[in-house]
Amino acid sequence: MIKNSFISAISQEENRGSVEFQVLGFTNKIRGLTLHLKLHKKDFLSQRGLRIILGKRQRLLNYLSKKNRVRYKKLIDQLDIRESKTR
């Protein structure tokens with residue numbers, strides 16, 4: 001899933017407000033909520049929270065793809081998440 005070297009590289013940075021660090025945090029939350037929802041299929045409040053977090057992560061990824069495409073591609077590959085569809 002997430003490579004430990006990537007997590008340690010981001011966590012060693014002083015800039016914890018960076019886009020990469022925020023996307024990493026959202027990705028960890030998303031994976032945790034996904035596992036939770038596999039067990040509790042009728043937990044609608046958690047489903048809503050998951051959709052909110054997915055939207056926040058998507059907006060950050062869109063921002064990063066517009067500003068720096070190389071960093072975006074590197075982050076997508078390292079976190080093993082799908083690239084967003086273009087409209």
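For Arg82, the salt bridge (Lys or Arg N to Asp or Glu O under 4.0 Å) test picks out no residue, with sequence neighbours left out. For Thr34, the side-chain hydrogen bond (donor to acceptor under 3.5 Å, both in side chains) criterion is met by no residue, not counting sequence neighbours. Every side-chain contact (heavy atoms from CB on, under 4.5 Å) that Gln58 has, sequence neighbours left out, goes to Asn62, Ser84. For Leu35, there are no side-chain contact (heavy atoms from CB on, under 4.5 Å) partners, not counting sequence neighbours.
Within 6.0 Å of atom CD1 in Ile52, more than 12 heavy atoms from other residues, nucleotides or ligands are found, so the atom counts as buried in its surroundings.
Residues Arg71 and Glu20 share a closest heavy-atom pair of NE-OE2, 2.6 Å. When every heavy atom of Ser46 is checked against every heavy atom of Leu33, the shortest pair comes out as CB-CD2, 4.2 Å.
Note on residues 37-64: pairs passing ring-ring contact (aromatic ring centres under 6.0 Å, His included), not counting sequence neighbours, are His36-His40. Pairs of residues two or more places apart, or lying in two chains, never qualify as salt bridge (Lys or Arg N to Asp or Glu O under 4.0 Å) while including a residue from residues 46-67.
The CG atom of Leu61 lies 11.0 Å from the CD atom of Gln22; values are rounded to the nearest 0.5 Å. Taking CZ of Phe26 as the start and CG of Leu79 as the end, the distance is 13.0 Å to the nearest 0.5 Å. Atoms CG and CG, from Asp80 and Leu75 in turn, are 11.5 Å apart once rounded to the nearest 0.5 Å. A distance of 9.0 Å separates CG in Leu39 from CG in Leu37, rounded to the nearest 0.5 Å.
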Can Leu64 and Leu60 be said to form a side chain to side chain contact (heavy atoms under 4.5 Å, CB included), step by step?
CA-CA 6 Å; Leu64 187 60; Leu60 280 172; over 6 Å; no

